[in-house]
Amino acid sequence: MEPILFKHTEIPDLDRLEVYVDHHGYAAFRRAITELQPQEVTQIVSDSGLAGRGGAGFPTGRKWSFIPKSVLPTYLVVNADESEPGAFKDRELMERNPHQLLEGVAIAAFAIGCQKAFIYIRGEFLYIGEILDAAVAEAYAAGYLGQNVFGSGYNIEIVVHRGAGAYICGEESALLDSLEGYRGFPRLRPPFPAIKGLYGQPTVINNVETIANVPHIVRNGADWYRSYGTDQSPGTKVCSISGPVNRPGNYEMNMGTTFRELLEDRAGGMREGKKLKAYIPGGASAPMLPGTEANIDISLSYEGYREAGSSFGSASFIIIPDDVCILRAQLSLSEFFAHESCGKCIPCREGTPWLAKTVRRIESGQGREEDLPLLLDICDNILGRSFCALGDFSTSNIVASVKYFYDEYEEHIRSQACPYAHQARAVA
Ligand SMILES: Cc1cc2nc3c(=O)[nH]c(=O)nc-3n(C[C@H](O)[C@H](O)[C@H](O)COP(=O)(O)O)c2cc1C
């Protein structure tokens, strides 16, 4: 399979406009604004089956089609926050090929009738923000962005905006608050951003990888895109894999190939002396799965992980080896969610620190009999009751780790100690 998004990334200086243009760069944008109507571009993207790569997998063309035609201005916002543990694909996409993203932004903006687009980038990605700034400046100077692009009458402005580093600001409505200069708090929905988004105007929010696919789809067509992947999950997916494997990193996988291929062929397998105990397929928010042969053979697709009782999410694979205490791993996840809860709603504000405190108590050998039912009860009271999905996310690995590694929880409580105590520092 030839990669789509990473196809040209080995070419030196690909971040420079002239090199990108030499490799079909901006041809799709030119075609879109000189030969196609905005609705035709949306239709091509709908037909391709492209689904959002930020985690939820919502069909991209359908999202664009929700934007009303008669309300102006409309906005496009690219979500480049990427703050979830295990996720690091967007930063490589932006770092290696910034113009691929900018071209996608320009095409998507045209499709939804928007003349001002924002890229909301995680503030800690300082040098990638600079790469984007330089690429935007080059594109303006060459007339690929700005007024009357290619003499078409179409105007497009792109602004790169730095976040201040908060996981909640990856949640699309909190991102909009942050972009408007407020503290990043999720918004009540409805109204959804397509009706009332940035500055109260119709807004599309899409992930970096989603938008980076767009130039390729518009240039090569929906059928070509559907020749990759499965019926339900067309295309490729950039999978991040981290933990004790021989070659951690980002790998663009044809959807429908197996996790085994990612782990063993691309990432070079587990490091010597390590065995797969469990893995999290879709970033910290996705339920972990035990490392059974059946789970290693799951197809890399939305349906594959749904059927296995987890979530493909942003395809951020966190590998947990057999010498790591599941509770210790769970504790770092729970502490992350407690730290990142924005505090707007009570179930998440009160529940996430309570979960972390209870896991910490069990892990440190002070767990009580009633702590296991308590953990599940707190999860029950957060799930579906918090203002945004961050609360739900904080419960998914507790429920999964108790389900699959019940014995390990029990053993901690029974022996009043962590059987892996000597490992605690290694995973802290
Ligand atoms: C707490 C939280 C954090 C999120 N972080 C990100 C993120 O960093 N990047 C991202 O693209 N989507 C993130 N999302 C999902 C976005 O809300 C939204 O669904 C996504 O940006 C839509 O783009 P897509 O349709 O292209 O996937 C997050 C959601 C939640 C609840």
Side-chain angles (χ1 to χ4, degrees), residues 5 45-46 48-67 76-91 93-94 101 104-105 108 111-112 117-125 128 163 165-179 184-187 189 192-194 197-198 203-214 217 233 235 237-238 240 282-286 302 311-316 333 336-345 348 352 382-384 386-396:
L5 299 173
V45 173
S46 283
S48 75
L50 176 67
R53 302 299 196 230
F58 192 84
T60 306
R62 179 130 51 99
K63 186 184 273 194
W64 295 1
S65 71
F66 293 153
I67 296 292
L76 171 70
V77 178
V78 176
N79 191 341
D81 191 61
E82 195 163 66
S83 306
E84 186 154 308
F88 48 87
K89 65 185 177 64
D90 293 337
R91 75 183 200 197
L93 285 166
M94 293 186 285
L101 175 64
V105 173
I112 64 163
F118 295 84
I119 301 175
Y120 183 98
I121 184 168
R122 174 179 177 167
E124 290 99 324
F125 290 168
I128 302 174
Y167 176 51
I168 190 61
C169 291
E171 192 283 329
E172 58 183 26
S173 67
L175 184 157
L176 295 179
D177 265 18
S178 169
L179 194 50
F185 270 158
R187 295 178 179 178
R189 279 154 291 190
F192 289 93
L198 189 64
T203 302
V204 162
I205 301 144
N206 271 137
N207 171 260
V208 168
E209 185 184 351
T210 313
I211 292 293
N213 271 290
V214 169
I217 293 170
S233 303
K237 181 78 192 74
V238 180
S240 312
S285 58
Y302 296 100
S311 157
F312 196 37
S314 54
S316 311
L333 295 170
F336 169 77
F337 288 114
H339 183 260
E340 294 295 337
S341 173
C342 76
K344 177 161 179 165
C345 72
C348 182
T352 52
I382 297 177
L383 193 63
S386 55
F387 206 84
C388 80
L390 193 153
D392 297 350
F393 291 173
S394 74
T395 68
S396 51

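For ligands, and for the atoms within them, numbers begin at 1 and follow the listed sequence.
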Next on the checklist: Pairing donors with acceptors under 3.5 angstrom, does anything connect the side chains of Asn213 and Lys237?
Outcome noted: no
Checklist outcome for this item: Residue set satisfying side chain to side chain contact (heavy atoms under 4.5 Å, CB included) with Ala111, at least two apart, ordered chain then number -> Val41, Thr42, Trp64
Item to check | Side-chain H-bond candidate by donor/acceptor type, Glu84 with Ser285, under 3.5 Å | outcome: yes
Checklist entry - So which protein residues pack against ligand 1 under 4.0 Å, heavy atoms counted? => result Gly52, Arg53, Gly54, Lys63, Asn79, Asp81, Glu82, Ser83, Tyr167, Gly170, Glu171, Glu172, Ile205, Asn206, Asn207, Thr210, Ala389, Leu390, Phe393
Checklist entry - Hey, are the side chains of Arg122 and Arg91 touching, using non-hydrogen atoms and a 4.5 Å cut-off? => result no
Item to check | Over-ring placement of Arg62 relative to Phe58, 6.0 Å and 45° cut-offs | outcome: yes
Checklist entry - Got Phe337 and Tyr167 here, is their nearest side-chain heavy-atom distance under 4.5 Å? => result yes
